[in-house]
A.B. asks: 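First the structure, which I've put down as structure tokens, then a few questions once you've had a look.
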Amino acid sequence: MTVAYLADLDAEERGWYEVVRFVRALTLDERMKPGYYHDPDWSVRDVVGHLGTWLAEAATQFERMAGGSYLGHEDVDVDALNATFLEALHGQPWDVVWTQANAARTRVRQAWEALPEPNDEADWWIHKSGVEHYAEHLDRLRDWATELQAARGGGGG
């Protein structure tokens, strides 16, 4: 791995552990409660699954880059992949989704670190699946976790 990715690897790690901090502050029931997003309704489980499936997809793309079979990201339909990924994890228990997300993160970091040199395509997947992707979800995750925790006092929400 080149030194060029060290800052991004550090940023990915900080972002992931920020997500983990909010997830761990919630009970299992809170993680499963819809309200993170609406139409369709998402729970914390759904956002963790969403992040995990994008990490898994990025790992696959990094492996294709390393193997010479990568075709580029121009034809990636983000909305279609989001729908496919959400459907794939629909109804899965928390433990399955959490394990998948953590395994995908490990896999993407291994594949990322194996890339011989930086390139624009790798950068796109790094930011789409990790660094910037976490940032896209952190504000809402923070707000939703705060709402769920506040409702514990019995005042509802």
Side-chain angles (χ1 to χ4, degrees), residues 1 4-64 73 76-115 121-157:
M1 181 197 59
Y5 284 129
L6 291 180
D8 282 329
L9 282 161
D10 288 345
E12 185 281 332
E13 183 173 350
R14 284 190 307 275
W16 179 255
Y17 284 110
E18 188 74 2
V19 169
V20 168
R21 183 170 69 89
F22 292 119
V23 167
R24 287 191 174 158
L26 300 173
T27 67
L28 177 59
D29 287 342
E30 290 167 341
R31 293 173 193 164
M32 303 298 281
K33 184 174 181 175
Y36 174 85
Y37 280 155
H38 296 287
D39 197 23
D41 284 336
W42 277 27
S43 63
V44 170
R45 177 205 53 202
D46 296 320
V47 75
V48 167
H50 168 78
L51 293 170
T53 51
W54 273 100
L55 290 167
E57 182 65 22
T60 298
Q61 299 307 324
F62 290 157
E63 291 163 355
R64 287 180 178 161
H73 76 271
V76 172
D77 184 337
V78 172
D79 292 333
L81 281 177
N82 280 337
T84 299
F85 295 159
L86 184 62
E87 180 61 29
L89 292 173
H90 181 75
Q92 292 295 321
W94 168 255
D95 289 345
V96 169
V97 172
W98 184 242
T99 300
Q100 181 277 336
N102 280 280
R105 179 172 176 264
T106 298
R107 186 171 157 235
V108 79
R109 286 183 63 96
Q110 290 170 337
W112 183 6
E113 291 177 18
L115 293 174
E121 289 295 320
D123 290 346
W124 189 86
W125 284 101
I126 288 164
H127 293 279
K128 177 63 193 147
S129 68
V131 178
E132 291 174 12
H133 198 199
Y134 302 155
E136 287 176 28
H137 290 283
L138 275 171
D139 286 343
R140 179 61 190 137
L141 182 57
R142 180 183 305 109
D143 292 348
W144 183 232
T146 299
E147 289 177 47
L148 290 167
Q149 290 169 324
R152 288 179 193 166

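We use all heavy atoms of the structure for the numbers below, so side chains are in, but hydrogens, waters and symmetry mates are not.
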A.B. asks: With a 4.5 Å limit on heavy-atom distance, are the side chains of Leu86 and Trp42 in contact?
C.D. replies: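 Yes, their side chains come closer than 4.5 Å.
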A.B. asks: Under 4.5 Å between any side-chain heavy atoms of Leu55 and Trp112, yes or no?
C.D. replies: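 When only atoms from C-beta onward are counted, Trp112 and Leu55 do not touch, as no gap falls below 4.5 Å.
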A.B. asks: Partners of Arg105 by salt bridge (charged side-chain N to carboxylate O under 4.0 Å, His left out), sequence neighbours excluded?
C.D. replies: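 Listed in chain order: Glu12.
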A.B. asks: Going by heavy atoms in the side chains, are Glu113 and Arg109 under 4.5 Å from each other?
C.D. replies: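 In short, these two side chains touch, coming nearer than 4.5 Å.
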A.B. asks: Grab the two heavy atoms, one from Ala111 and one from Ala59, that are nearest each other, plus how far apart they are.
C.D. replies: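 Where Ala111 meets Ala59 most closely, the heavy atoms are CB-O, 3.9 Å.
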A.B. asks: If you round to the nearest 0.5 Å, how far is CZ of Arg142 from CZ of Arg21?
C.D. replies: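 Spacing of CZ (Arg21) from CZ (Arg142) equals 7.0 Å.
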A.B. asks: Can you list the residues that meet the side-chain hydrogen bond (donor to acceptor under 3.5 Å, both in side chains) rule with Glu30, with sequence neighbours excluded?
C.D. replies: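 Checked Glu30 against side-chain hydrogen bond (donor to acceptor under 3.5 Å, both in side chains); matches are Thr27, Arg152.
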A.B. asks: First locate atom CD of Glu63, then atom CG of Leu115, and finally report the distance between them rounded to the nearest 0.5 Å.
C.D. replies: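 If I round to the nearest 0.5 Å, the distance is 10.0 Å.
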A.B. asks: Any pair with a residue in residues 44-58 that passes salt bridge (charged side-chain N to carboxylate O under 4.0 Å, His left out), sequence neighbours left out, goes on the list, sorted by first then second residue, please.
C.D. replies: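 Matches after skipping sequence neighbours: none remain.
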A.B. asks: Where is the tightest heavy-atom contact between Val131 and Ala11, given as atom of each residue plus distance?
C.D. replies: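 Of all heavy-atom pairs spanning Val131 and Ala11, the closest is CG1-CB, 4.1 Å.
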A.B. asks: Show the nearest heavy-atom pair for residues Ala56 and Gln100, with the distance to one decimal.
C.D. replies: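 Heavy-atom minimum between the residues: CB-NE2, 4.0 Å.
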A.B. asks: Mind checking what makes salt bridge (charged side-chain N to carboxylate O under 4.0 Å, His left out) contact with Arg140, not counting sequence neighbours?
C.D. replies: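 Once residues adjacent in sequence are excluded, the partners of Arg140 under the salt bridge (charged side-chain N to carboxylate O under 4.0 Å, His left out) criterion are Glu147.
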A.B. asks: Short question: side chain of Gln149, backbone of Ala25 - any donor-acceptor pair under 3.5 Å?
C.D. replies: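 At least one qualifying donor-acceptor pair exists.
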A.B. asks: If the condition is ring-ring contact (aromatic ring centres under 6.0 Å, His included), which residues does Trp98 pass it with, not counting sequence neighbours?
C.D. replies: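 For Trp98 the ring-ring contact (aromatic ring centres under 6.0 Å, His included) partners, ignoring immediate neighbours, are Trp94.
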A.B. asks: So for atom NE2, which belongs to His90, do other residues, nucleotides or ligands contribute more than 12 heavy atoms lying within a distance under 6.0 Å?
C.D. replies: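 Counting neighbours around NE2 of His90, 12 or fewer heavy atoms of other residues, nucleotides or ligands fall under 6.0 Å, so no.
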A.B. asks: Calculate, to the nearest 0.5 Å, the distance between atoms NE2 and CH2 belonging to His73 and Trp124 respectively.
C.D. replies: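 If I round to the nearest 0.5 Å, the distance is 5.0 Å.
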A.B. asks: Using atom types as modelled and distance alone, determine if a side-chain donor or acceptor of Thr53 lies under 3.5 Å from a backbone N or O of His50.
C.D. replies: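 Flag set: sc Thr53 to bb His50 pair under 3.5 Å.
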A.B. asks: Measuring from atom CZ of Arg31 to atom CZ of Phe22, what distance do you get when rounded to the nearest 0.5 angstrom?
C.D. replies: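 That separation rounds to 14.0 Å.
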A.B. asks: Tyr37 versus His137: any side-chain heavy-atom pair under 4.5 Å?
C.D. replies: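 Result yes, sub-4.5 Å side-chain heavy-atom pair found.
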A.B. asks: Considering residues at least two apart in sequence or located in another chain, which fulfil the ring-ring contact (aromatic ring centres under 6.0 Å, His included) criterion with Phe85?
C.D. replies: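 Result, ring-ring contact (aromatic ring centres under 6.0 Å, His included) vs Phe85: Trp54.
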A.B. asks: How about Lys33: does its NZ atom have over 12 heavy atoms from other parts shown lying under 6.0 Å from it?
C.D. replies: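 Count not over threshold, so no.
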A.B. asks: Please determine which of Leu148, Asp143, Val48, Leu141 meets the side chain to side chain contact (heavy atoms under 4.5 Å, CB included) test together with Tyr36.
C.D. replies: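 When Leu148, Asp143, Val48, Leu141 are each tested with Tyr36, the side chain to side chain contact (heavy atoms under 4.5 Å, CB included) holds only for Leu141.
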